[in-house]
Each structure stands twice: as C-alpha cells, then as structure tokens.
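Below: the structure, in structure tokens.
Naming convention: chains lettered A, B, ... in sequence-line order (proteins, then strands); numbering from 1 in each chain. Computed from a predicted structure; not experimentally measured.
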Amino acid sequence: MIDIKRLRQDPEGSRASLLRRDRSLAQSVDALLALDRERRETLGRVEALKAERNAATEEVARGKRAGEPVDDLMARLRASGEEVKVLDGRLREVESELDRLVLALPNFPAEGIPDGDAGANRLVRTWGEPPVFDFLPQPHWELATALDMLDLPAGARLAGSGFAVFRGRGARLIRALAGFMLDLHTREHGYVEIAPPYLVNRAALTGTGQLPKFEEDLYGCGADDLFLIPTAEVPVTNLHRDEILEPADLPRGYVAYTPCFRREAGAHGKDTRGLIRVHQFDKVELVRFSRPEDSDAEHQRMTGHAEAVLQRLEIPYRVVELAAGDTGFASARTFDLEVWAAGVGTWLEASSSSTFTDFQARRANIRFRREPRARPEFVHTLNASGVAFPRTIIALLENNQAADGSVRVPKALVPYLGVDRLAPTA
RNA sequence: GGACAGGUGGCCGAGUGGUUGAAGGCGCACGCCUGGAAAGCGUGUAAACGGCUCAAACCGUUUCGAGGGUUCGAAUCCCUCCCUGUCCGCCA
C-alpha cells in the first residue's frame, strides 16, 4: 500500500501521481485524507483519556495498599472507562474504513514511465529476428496436435475450456523447460530455488496486492478460505512477511517453478485460441528483495535474467515499458517481454518484470535494518516471470517449424529434451 | 478427525490480577582489559501509532499467537479462533 504519510504531507503531488494511473482515484484520495484527519483527532482524544486513566489507576493501587478509601476514584474511573470504550469503537470504525480505502489504492507510478494507456507503451529494445518462411507457418495448436504433444479437447473434458493436457513429448517439454530455466537461474544468476505451497491464505494475497480488489480473478477453496496461486510471486514474496531482514540479507533472489491458476474473468473470447490464454499454466518466477536505493538497478538485472532465458532459447522478443495507465495495481514500473509467435503472427507477453517499490513490503510488512540498531525500513520487492511456459512453447513451435510439420529444438534445450528435432511420428 | 500439552522480546526462558516492556541467560553493539585475541568486567540493546520537531531527543498510547469479554486495573481470569508439539485414528 502507499504511505499515508506521503499523502498527508504532499496531497497535491500524491494525487497527481495517482491520477496518471487512473483519473477516477481523485475521490478515494480525498476520502482518505478526511478520514486520516478524523483518525488523528479521535486518537488524540482517546489517548489523553487513557493517560489520565492510567495515572488514576496507579492512584487506586497506591491507595489500596495504604488502606485508604478509593471508592470515589473507582466510580469515576468506571465512568471514564465507558467514554474510552465509545471512542475506541469509533476509532476502530474509522481505521477499518481507512484500511479498506488504502488497500484499494494502487501504487504510485515511477517517474520516468510514459503517460497514458496501453497505446502509449514504449518499445525499449528488440532482440533477434522474426523468422521468414517460404510456406504458410501453422499455429501452435495445429503443430502440437499433429506432433501428439497437446490435447485440448481432453483438457476441456476434464476441467473445461482453457485447460490443456500435454502428453508424450509435450509433457516432456514442460519438464525440460522447468529444468532448463531453474538451472539457468540457480547456477548462473544466483537465485535460491523455492518449492512453495500452491494454495495461500488471504493475508498472503493481500500482501502482494491481489486481495482485496481482485478476488474474482482467483480460484478459491471456500471451505478453507484458501486460494490457488495466480503466480508464485504470492507465496515467494510472502516468504518474508512480518520479518526484519539484516543488511547482509539484501539483495536476495528466489526462483520458483509452479503452476499458476487464473480465472481470467472477463477475458473470454480474447486471445483464447490454443495455449495463448489458459486457466492453468506453468511458470518459473523470479522474486527479488532489495534496498530501496538499489531497486532500479536490481530491476534491470532481473529483467536481464528473464531475457537470458529467451536468448538461450533463440526466441525473438521485444521489451516494452508499460505506460502508467497499463501498469499493474502493485507495480511502479513494468517491462513486458513479448515473444514473437510466427504462426499466430503476433507478439505475446511471456514475461512481466516489475518493481513494486515499497508497496508490497508495506502490505506484507517486510523490512530491513541498515545498521544493527537502526530503525527498520521497508525493503523493495521485485519480480519477473522467468518465464511463462505456454507462450514460450508457442514461440518455440511456431518459429522453428519446417514445412513438413517438424520442429527444430534450440541447442540449449536439447540436453533437457533429449532430441534436437520434434517430428510427426506417423 | 479425537485427546493432551503449549504459544512471552533476535533466540532460550521466568512470570497466575496492581510501576512487568516484561527477571535471568544467550546473542548483538560499544567501552575497559590485552602486544593481539579469547576469557573476564562494565554499559546498552523491541516495534507500531500519535504529539512536538528540519531532525533527533522527549512526551503519550498500544503491543506477551489473533479477536472478543470480565475488572478501577489483565501476560496473568473467561469465551472463540489460529498455530506448534506429543499420542491415537485416517492416509500419499
């Protein structure tokens, strides 16, 4: 969440910053400021009352010990106790409303990012060349079905549309990608591998920002009030919830390979062919914790780590910096890595690399100490897909296809997949 | 799922209604001692919120798993929930 003190100290600047993201936030900001004022007023009154009460209570103790009559004093304290109870109740109401509002407010966008909506996203760089074919390249669902790697009708039968079954070399490809990416990030980029729970509680989802606002995007297990993770970002970032890290702990990076579950409510009919948008997919995720002053550099490094995956897999991609209006709720700055998919003829987002500044750290209460006795400060959190599987598979199949329907396997993947070419068996 | 035992500061651990934010120990920081180190000695070691500040100091409030209750007053008594351990049941 954003720092309410920043809002209080610089209302105009804060408001302007949030409006870059969403014009309709003006009201929330005003409501928040009014409630904050009321909270501090009420707090002042109730605390003064409590200070009096505490002093008088000591008086009672002293009097009782000395054998003096204290009935009058106790009667008066009983009355002021009632007043405290009323004010405390009011304070609780104000604070829970304040909480509700501030949890619904997105992060401040970073200074340098473009204004506007998705249309204003800025192309930062491209890598590789989209392949040219002397035949009409097929979409991945044709290729994968012919190669007996993918069974979409079976997925639909088992769980519904948007669920895929990988089989044979398709399933093996999933395992190969997981091994390849995890090895790269742990061995060459210094990440610590985590195998987290795939179900998390509300506190975890509130920490990273999915709750309370985006509950309808999640699959929930009602009876236990748990949710299937939409990304490993949730369990892995929350690993340090309510902790104070030592200076030596930063920066620190974790990598996790997990399935991700997304209801994609409201996304029906959009990009839904084949594997482009599915309800369950695998992803290797990078999560980093850093000091505030290092987070921009860390963001660049981590984006590079995600890019390294695509480069080794020889997948052409472009890096896009999202505009303020297109940047996700918790993120201050996001780079999307979009891979070229020759069969469907479009760029597909395969990784999203974001810095959350102190937004998630505040929600999840993740802090660090610069010096042994210094007062704790919030860390900065970052994460990047490193990378999502379905769109990687789409790119691999569609870009490396041959006229006979076979697919070349990039060198980096051969040791993991065991073959250098996928060809129809028939 | 059932029974029992527990959840106290960075860690261990005392504390069953009145200066207990919390004894004692460990750890950590600083100082003394030492040629240097260890040992020893001394001092200091939680956080959040609010007030006042440029800031700190300072003052106030809150916090002993979470939430509620009893009381003039709760770490301590009562209720609900969560978590951990042990045993039993079930089970990959």
Side-chain angles (χ1 to χ4, degrees), chain A residues 1-10 32-103 195-207 211 221-227 235 238-250 252 259 289 358 361-379:
Chain A
M1 68 191 114
I2 62 170
D3 183 4
I4 194 147
K5 280 185 206 146
R6 171 167 168 190
L7 212 56
R8 195 188 293 152
Q9 279 158 12
D10 180 20
L32 208 60
L33 285 168
L35 273 170
D36 177 55
R37 216 169 300 124
E38 180 171 2
R39 180 179 100 85
R40 280 180 297 145
E41 266 171 38
T42 312
L43 194 61
R45 279 164 63 201
V46 74
E47 284 188 352
L49 218 51
K50 282 179 178 173
E52 278 175 45
R53 186 193 62 185
N54 290 345
T57 286
E58 270 179 52
E59 206 53 44
V60 170
R62 196 173 4 246
K64 281 206 166 177
R65 239 179 281 125
E68 293 162 9
V70 289
D71 289 3
D72 282 6
L73 198 51
M74 280 170 57
R76 265 193 290 135
L77 276 167
R78 205 169 299 138
S80 93
E82 287 307 309
E83 203 180 339
V84 167
K85 206 169 279 184
V86 170
L87 283 174
D88 264 340
R90 176 61 195 150
L91 194 61
R92 254 205 306 277
E93 279 172 33
V94 171
E95 285 183 341
S96 86
E97 180 63 11
L98 210 49
D99 229 43
R100 201 180 63 75
L101 279 176
V102 78
L103 284 174
Y198 303 155
L199 287 168
V200 291
N201 57 29
R202 283 180 185 274
L205 286 155
T206 305
L211 289 182
C221 307
D224 298 296
D225 208 25
L226 294 172
F227 298 85
N238 278 281
L239 231 37
H240 292 302
R241 191 167 82 223
D242 291 324
E243 285 188 353
I244 300 176
L245 303 172
E246 295 307 317
D249 295 336
L250 298 173
R252 155 178 299 221
F289 298 83
D358 61 358
R362 282 177 188 284
R363 290 176 159 246
N365 193 30
I366 306 168
R367 296 173 293 172
F368 79 106
R369 239 185 265 280
R370 281 177 196 281
E371 305 292 332
R373 304 267 297 289
R375 84 183 270 284
E377 299 172 52
F378 290 107
V379 302

Can you sort out the partners of Glu58(A) under side chain to side chain donor-acceptor pair (under 3.5 Å), two or more places apart, ordered by chain and number?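 Per chain and number, Glu58(A) pairs via side chain to side chain donor-acceptor pair (under 3.5 Å) with no residue.
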
Quick one: list whatever passes side chain to side chain donor-acceptor pair (under 3.5 Å) with Glu83(A), sequence neighbours left out. none

Roughly how many Å apart are A23(B) and C32(B), using the P atom of each and rounding to a whole number? 28 Å

Say you pick atom P in A3(B) and the same atom in G17(B); how far apart are they, in whole Å? 29 Å

[N] phosphate, OP1 or OP2, under 4.0 Å from [X] side-chain N/O:
{"X": "Arg8(A)", "N": "G50(B)", "answer": "yes"}
{"X": "Arg40(A)", "N": "G51(B)", "answer": "yes"}
{"X": "Arg39(A)", "N": "G50(B)", "answer": "yes"}
{"X": "Arg369(A)", "N": "A47(B)", "answer": "yes"}

Find the distance [X]:[atom1] to [N]:[atom2] and express it as a whole number of Å.
{"X": "Lys50(A)", "N": "U71(B)", "atom1": "NZ", "atom2": "C1'", "value": "16 Å"}
{"X": "Arg37(A)", "N": "G50(B)", "atom1": "CZ", "atom2": "C1'", "value": "16 Å"}
{"X": "Phe368(A)", "N": "A47(B)", "atom1": "CZ", "atom2": "C1'", "value": "16 Å"}
{"X": "Leu49(A)", "N": "G60(B)", "atom1": "CG", "atom2": "C1'", "value": "13 Å"}

Map Val46(A) and Arg375(A) onto RNA chain B by nearest heavy atom, then report which one ends up closer to the 5' terminus.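 Residue closer to the 5' terminus by nearest nucleotide: Arg375(A).
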
So which of residues 84-98 of chain A are in contact with RNA chain B, with a heavy-atom cut-off of under 4.0 Å? Lys85(A), Arg92(A)

Expected output is a numbered-order residue list: members of residues 51-58 of chain A with a heavy atom under 4.0 Å from any atom of RNA chain B. What is it? Ala51(A), Arg53(A), Asn54(A), Thr57(A)

Nucleotide-level pairing of RNA chain B, given in dot-bracket where Watson-Crick and G-U pairs need both distances under 3.5 Å and | marks other strands: ((((((((.[[[..)..(.....]]]((((((.......))))))((((((......)))))).[[[[[..)....]]]]])))))))....

Only counting residues at least two apart or in another chain, list the ones meeting side-chain contact (heavy atoms from CB on, under 4.5 Å) with Asp10(A).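 So Asp10(A) forms a side-chain contact (heavy atoms from CB on, under 4.5 Å) with Ser14(A).
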
With side chain to side chain contact (heavy atoms under 4.5 Å, CB included) as the test, would you mind laying out the steps for Leu226(A) and Val200(A) before giving the verdict? CA-CA 5 Å; Leu226(A) 294 172; Val200(A) 291; 6.0 Å; no

Any side-chain to backbone donor/acceptor pair from Arg252(A) onto Asp249(A)? Under 3.5 Å, distance only. yes

Looking at Arg367(A) and Arg375(A), would you say the former's side chain and the latter's main chain have a donor-acceptor pair under 3.5 Å? no

